[in-house]
Amino acid sequence: MFKLLIALEKEFLLLVKDKVGIALLFVMPIILVITITAIQNNTFKMVNENTTRLLICNRDSGQLSSKLLHTMDSLKLFQSYFISPATSLENLNDSMKLHDAMITLLIPERFSVSLQRNIDRKVAGSLEGFGIQNQVTKSEHLERTEIKTYYHPVLQESYRISMLGTFNSLVAMTENQLMVENIYKAINGEQKTTKPVDLSERGIVVQEGVAGYTDKNSVPNATQHNVPAWTIFAMFFMVVSLGGSIVKEKLRGSFIRLKILPTSYFINILAKQLTYLFISIAMVFVIFSIGKFVFPYLDLPGLNIPSNLIGLLTLTIITGWCAVSYALCVGVFSQTQEQCSGFGAVSIVILAAVGGVFVPSFAMPASFELIMKSTPFYWSLRSFYDLFLENKGITDIGLNLIPLLLFIILFQAAAYIGLKRKNLI
Amino acid sequence: MLAIEVNNLCYTYPKQVGQPLSKINLNIEKGERFGLFGPNGAGKTTLIQLLTGVLKNKEGSIRIQNEPLNQHFKNKRSIGFVPQDFAFYDELNPIENLKFFGAWSGLNSTEIKQRTEELLNVLGLYPVKESALKTFSGGMKRRINLAIGIIHKPEILFLDEPTVGVDVQTKRAIINYLLELNRSGTTLVYTSHQLEEAEKLCTRISMINEGKIITEGLLNELLKQKNVSNLETLFLQLTGKSFKDGCLNF
């Protein structure tokens, strides 16, 4: 026990005296969590809070395009900037850069004419069924006209699809409103002053809710999703520090002393594990505290700590131990610090990507399911989400902890075999 | 009484990375100042690593103080090692290093404190006891390297080039301290390429070349026998003038 305490003291001293190492362990994950949460939160705001900059090139001289733009304006989804209708496609990119716009909407020359004809055709067709004669000439074919959208290359596909849906809805809304107005006029005559029904008035509204949540304020947000996910990432990223420490010890001269002195190297390895387990728990505490207390000052949603604190502590310890075991394994098998940091960092990014930190697990291809479940990230993230998003209890997350414990056994066993094979214990 | 007894010791590296040893036989008496010499790549380090238990022998036997090395865990405390490389944590200060390696050597808290005070004073490191070793000069690092190796008062001390890269004053201080240790009963097993220094320290020597012991005996007798005036001439006479580490002469 005395030797273990002395070894723990040595590990703590080595850590504390390495200011850059400490900064890497604590400051970098904090920056990472804040950055990712802020970006995701901003994306959410961009879609919902009228922050997307839209460039409009209206080449149509009719009134219907103005009506379309008026409807769009009323939705307050975009900050619109108008550019000259004469702007060529070649110059569009420069105009987008100039206005820092993400999307350009190009309304073609004959938009109003085509839209009016199509509406007339539909109105005439509808009225014919009621035996009402319409004065408007019905065109034989639907006129096809294209409103074009040009996106900044950085926009992701999901966002582009969402915007395309918005524009299609806008055109449909405008078209329907005009149809109703035309039918109204056809039935009531031009002289009637009564306004037709406003289609933008909606009686039935689609509301979103989150299963299991009754309190609207606690609905999951970017913070609830990102803080636990990136905290796990940071815990596993300790592989660079702990793995590096093991390799450094193997390479430095002091190792030869450790081998000949009458104390098992296993005690040194145990001390390293306990030190870094403590560090990982401290890291979680610091990051979660920042999420709860500092995020609101950064205009980010505050982190709601789950009520099940015992479950949270248990999960943190097991995830931390799993991360430490992985780092131990990488450190034992690496020959150089470059190997350790290179393989360690890349493997963590891959495991995190596969395990659902970057992309939600439900969005993964079905063929990935087995690979996904064979990463500790998946089980840890799932358990953290159970606590943070679904407020589950320790017994509910218990089943997810079993795979994590199996990973710990696997990594520890591999490290033990590695140490034995290298004649280190 | 024999401190170290080696019989028919053979060793081959798994991937042929070092000089294999063949049929080494060696007896070192308790309290002796024994020197092990040979050209680069002759097998000295391999032999010392086998004697200290860093490498495990498959053929032949090693006995330390009449006990087989592999059943010798408790006696490991009786072995001290001062490697050529600086074997300490240079981020830590002398006290922290001595505390860790003292505990690792089996000393308790009181013994560690007492020995730390003693060694820091004897080796002139007391004024810098709280400075990180990375700020030390080469000579100071050599002294702390020695202090760590002897904190547990080993009965047998292996020294691998303990004075390499230090100034005359430090070299002299280290050699004098080693002689003092020997007077108090410590067996010294010394290896170095500094043959003038070796002459002052060793009473009996062994020459190793290409994994084999080529001569062994009392230093004075060997010099007389081969009719040479110093260890360097003897060394060249026995091992030749060409490079022994696989390089071409220039």
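Quick note on labels: first sequence line is chain A, next is B, and so on, each numbered from 1.
Crowding of W230(A) atom CH2: a count of heavy atoms from other residues, nucleotides or ligands under 6.0 Å exceeding 12. Within 6.0 Å of NZ on K250(A) lie more than 12 heavy atoms contributed by other residues, nucleotides or ligands. At most 12 heavy atoms of other shown residues, nucleotides or ligands fall within 6.0 angstrom of atom CZ in F278(A).
Residues of residues 115-142 of chain B never come closer than 4.5 Å to chain A when only heavy atoms are counted.
Residue pairs meeting the side chain to side chain donor-acceptor pair (under 3.5 Å) criterion with at least one member in residues 10-33 of chain A, sequence neighbours excluded: K10(A)-E249(A), K10(A)-N268(A), K10(A)-Y89(B), E11(A)-K272(A), K17(A)-E96(B).
Within the 3.5 Å criterion, the main-chain N or O of F81(B) finds a donor-acceptor partner in the side chain of R257(A).
With values rounded to the nearest 0.5 angstrom, I6(A) atom CD1 is found 10.5 Å from L107(B) atom CG. In this structure, CG in N108(B) is found 11.5 Å from NZ in K3(A), a value given to the nearest 0.5 Å.
When heavy atoms are compared at a cutoff of 4.5 Å, Q84(B) does not approach chain A at all.
Among residues two or more places apart in sequence or in another chain, the side chain to side chain contact (heavy atoms under 4.5 Å, CB included) test is passed with L2(B) by E5(B), N27(B), E29(B). With sequence neighbours left out, K171(B) forms a salt bridge (Lys or Arg N to Asp or Glu O under 4.0 Å) with no residue at all.
The nearest pair of heavy atoms linking F2(A) to A103(B) is CE2-CB, 3.8 Å.
Counting heavy-atom pairs closer than 4.5 Å to chain A, the top-ranked of the candidates D85(B), L55(B), I148(B), V82(B) is I148(B).
The closest side-chain heavy-atom distance from W104(B) to I267(A) is below 4.5 Å.
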